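Reminder, nothing fancy here: chain letters follow the sequence lines and each chain counts from 1. Predicted, not measured: the structure shown is a model, and the values here were computed from it.
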Protein chains: 2
Amino acid sequence: MSGINENNIDIEIIKALADETRLDILRLLKNQEMNVNEIAAHCTVSRPTISHHLQIMKRARILVSRKEGKEIFYSVNGYVLTSLAQSILSLISF
Amino acid sequence: MSGINENNIDIEIIKALADETRLDILRLLKNQEMNVNEIAAHCTVSRPTISHHLQIMKRARILVSRKEGKEIFYSVNGYVLTSLAQSILSLISF
DNA sequence: AAAATCTTTCGATGAATTACAAAAAAAGCA
DNA sequence: TGCTTTTTTTGTAATTCATCGAAAGATTTT
């Protein structure tokens with residue numbers, strides 16, 4: 001049983017996307033990495049709340065982080081989103 | 001501003017997918033339409049709960065329904081899922 | 001009209017989620 | 001060593017969500 005039609009939808013990844021604030025963050029990170037402060041400057045919610053959302057997306061592997069001195073830069077893991085898109089398409093009959 | 005890169009992710013659709021029971025229902029409906037009773041026979045949750053989940057997915061336009069006598073048959077709207085997959089890919093930088 | 005069948009709505013409850021302020025942790029700089 | 005900056009963790013309040021049994025709505029059959 002390989003290849004076609006596995007439907008491995010990872011519910012943790014979908015749940016991590018099912019929040020407006022987290023989608024906003026993803027849109028911010030589309031073309032550039034940012035740290036929590038930069039992200040918070042563009043959002044309406046508090047810095048701790050942003051940090052919380054970042055952890056959720058990191059745990060779901062939607063984001064990856066890179067530490068540079070005292071700063072932590074976040075960026076999008078395109079592979080995970082590509083796989084998710086595939087899984088969603090696999091819900092449709094051929 | 002057309003075509004490329006609109007990122008119209010509809011959060012209602014994502015939220016409608018972010019539940020294990022609803023994903024189970026979608027997998028059941030992949031190749032055949034079913035009514036609530038048939039779906040409930042394959043799930044562990046109660047009929048009213050199934051009905052509730054069906055309404056959520058119908059409101060999000062993931063499902064469509066067809067009434068035949070006293071029965072209502074549900075099936076997957078592939079177009080909505082295809083659009084969602086596109087939107088998810090649009091979160092990735094080119 | 002009444003009964004039977006299929007389905008949804010109502011009302012309640014427990015669990016999960018989001019959000020903030022305040023405190024704590026981690027790392028570099030004076 | 002203290003001081004500042006960046007970030008996360010904690011504690012708490014408010015909201016949202018999934019679930020069930022019971023009741024109600026809708027349609028066909030008798």
Sequence neighbours excluded and cut-off under 3.5 Å, please list the side-chain donor-acceptor pairs for residues 56-63 of chain A, or say none.
residue: Lys58(A); atom: NZ; partner: Ser65(A); partner atom: OG; Å: 3.1

Strictly below 4.0 Å, heavy-atom distances to any atom of DNA chain C: list the hits from residues 64-76 of chain A, or just say none.
Lys67(A), Gly69(A)

Below 4.0 Å from chain B heavy atoms, what is the first contacting nucleotide of DNA chain C and what is the last?
dT5(C) to dT9(C)

Quick one: how far along DNA chain D does chain A reach, first to last nucleotide 5' to 3', anything under 4.0 Å to a heavy atom?
dT5(D) to dT9(D)

Tell me, which of residues 50-61 of chain A have any heavy atom that sits under 4.0 Å from an atom in DNA chain D?
Ser51(A), Gln55(A)

Hey, could you give me the CG/CE distance between Leu28(B) and Met34(B), rounded to the nearest 0.5 Å?
5.0 Å

If you pin Pro48(A) and Asn37(B) to their nearest nucleotides in DNA chain C, which one's is more 5'?
Asn37(B)

Along DNA chain C (nearest heavy atom to each residue), the more 5'-positioned of Thr21(A) and Glu38(B):
Glu38(B)

Sequence neighbours excluded, which residues qualify as side chain to side chain donor-acceptor pair (under 3.5 Å) partners of [X]?
{"X": "Glu38(A)", "value": "none"}
{"X": "Ser75(B)", "value": "none"}
{"X": "Thr82(B)", "value": "none"}

Kindly write out the residues that satisfy salt bridge (Lys or Arg N to Asp or Glu O under 4.0 Å) with Glu33(A), not counting sequence neighbours, or none if the list is empty.
Arg66(A)

Can you find a heavy atom in the side chain of [X] that is under 4.5 Å from one in the side chain of [Y]?
{"X": "Val76(A)", "Y": "Lys30(A)", "value": "no"}
{"X": "Ile14(B)", "Y": "Leu23(A)", "value": "no"}
{"X": "Leu17(A)", "Y": "Leu26(A)", "value": "yes"}
{"X": "Val45(A)", "Y": "Ile50(A)", "value": "yes"}

Test side chain to side chain contact (heavy atoms under 4.5 Å, CB included) applied to Ser51(A) - qualifying residues, sequence neighbours left out:
Gln55(A)

Any side chain to side chain donor-acceptor pair (under 3.5 Å) pairs touching residues 10-20 of chain A, not counting sequence neighbours?
Glu20(A)-Arg27(A)

Should Leu54(B) and Ile39(B) be marked as a side chain to side chain contact (heavy atoms under 4.5 Å, CB included) after you check the CA-CA gap, both sets of side-chain angles, and the distance that decides it?
CA-CA 10 Å; Leu54(B) 290 173; Ile39(B) 296 170; 4.0 Å; yes

